[in-house]
Each structure stands twice: as structure tokens, then as C-alpha cells.
Amino acid sequence: MTFPIEIRHDGQSLRLVVEQVFLDKQVERYKVLAKNGHIILESNRPMLRNRGLKSKPPIWKAVESHNLSAYVLDKIYEAIMKQVDK
């Protein structure tokens with residue numbers, strides 16, 4: 001599954017492409033592609049949904065990242081959640 005996201009940072013609009021690269025019963029991984037590289041993000045959303053905890057927010061972590069601030073990562077997490085919860 002591939003989809004675009006857009007985040008605002010420092011007055012600029014950043015357009016990124018997100019691709020789901022791994023999914024099992026416990027974790028899912030997304031590859032976020034930008035012009036200058038990529039990052040790999042992981043969440044425990046499938047495990048929470050399997051246990052019926054749909055309202056509990058998933059725990060996200062950056063498996064592979066290139067010195068991104070926590071603020072930017074949080075914006076990316078939020079944008080991904082908006083797309084996958086549609």
C-alpha cells in the first residue's frame with residue numbers, strides 16, 4: 001500500500017510518499033520517502049486492533065532515521081494515522 005502525505009514544518013509544506021513494507025499480527029512498518037532519503041517507522045497498531053483496543057493510540061518508533069526531530073516525527077506519525085484510519 002502506497003499513499004502520499006503532507007506535513008507543515010517551518011512554514012513549508014513537505015510532501016512525502018509512504019509505503020507499507022511489512023505487516024504481521026503485532027507490528028507494521030512504513031517506509032517514508034523524501035527527495036533526499038527515506039526513514040523506516042514501526043508501530044504496534046495491528047496488535048492493539050487484534051486485542052480490541054482500537055481507541056488506544058499506537059506506539060511509534062523510528063527504526064531507521066536520519067537525525068529528524070521528535071516534532072517532525074510526530075507530524076509524520078499523525079499524517080500516517082489519518083491515512084490508514086480512513
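Everything quoted here is computed from the prediction, not taken from an experiment.
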- Message: The test is side-chain hydrogen bond (donor to acceptor under 3.5 Å, both in side chains); show your working for Glu19 and Thr2 and say whether it passes.
- Response: CA-CA 4 Å; Glu19 177 185 356; Thr2 303; 4.9 Å; no
- Query: Hey, is Asp85 close enough to Arg45 for a salt bridge, meaning N to O under 4.0 Å?
  - Reply: yes
- State plainly whether one hydrophobic cluster holds both Leu41 and Val27, where clusters connect Ile, Leu, Val, Met, Phe, Trp and Tyr through side-chain heavy atoms under 4.5 angstrom apart. no
- For the pair Tyr77 and Asp74, evaluate side chain to side chain contact (heavy atoms under 4.5 Å, CB included) and give the outcome as yes or no after the intermediate values. CA-CA 5 Å; Tyr77 301 152; Asp74 285 340; 3.7 Å; yes
- Message: Do Val18 and Gln20 make a side-chain contact, defined as non-hydrogen atoms from C-beta onward lying under 4.5 Å apart?
- Response: no
- Message: Do Met1 and Ile5 land in one hydrophobic cluster if side-chain heavy atoms of ILVMFWY residues count as linked below 4.5 Å?
- Response: yes
- Report yes or no: does Asn44 contribute a side-chain atom to a donor-acceptor pair with the main-chain N or O of Met47 at less than 3.5 Å? no
- Working to the nearest 0.5 Å, report the span between OH of Tyr30 and CD1 of Ile80. 7.0 Å
- Message: My understanding is that only one of Glu28, Glu42, Arg29 makes a side-chain contact (heavy atoms from CB on, under 4.5 Å) with Phe22; could you say which?
- Response: Arg29
Which atom pairs, one a donor and one an acceptor, fall under 3.5 Å between side chains of residues 8-16 and the rest of the protein, sequence neighbours left out?
unit_1 : atom_1 : unit_2 : atom_2 : d
Arg8   : NH2    : Gly11  : O      : 3.4
Ser13  : OG     : Glu6   : OE2    : 2.3

- Would you indicate whether the side-chain heavy atoms of Ile39 and Lys31 approach each other to under 4.5 Å? no
- Item | Student check: side-chain heavy atoms of Lys75 and Leu73 closer than 4.5 Å | no
Under 3.5 Å, which donor-acceptor pairs link side chains of residues 48-63 to any protein atom two or more places apart or in another chain?
unit_1 : atom_1 : unit_2 : atom_2 : d
Asn50  : ND2    : Lys25  : O      : 3.0
Asn50  : ND2    : Pro46  : O      : 3.2

- Message: Does atom CD (Gln26) have a neighbourhood of more than 12 heavy atoms from anything else shown, all under 6.0 Å?
- Response: no
- Message: When you group the ILVMFWY residues by side-chain heavy-atom contacts below 4.5 Å and let the links chain together, are Phe3 and Ile40 in the same group?
- Response: no
- Query: Do side-chain atoms of Ser69 reach the backbone of Val72 as a donor and acceptor pair under 3.5 angstrom?
  - Reply: yes
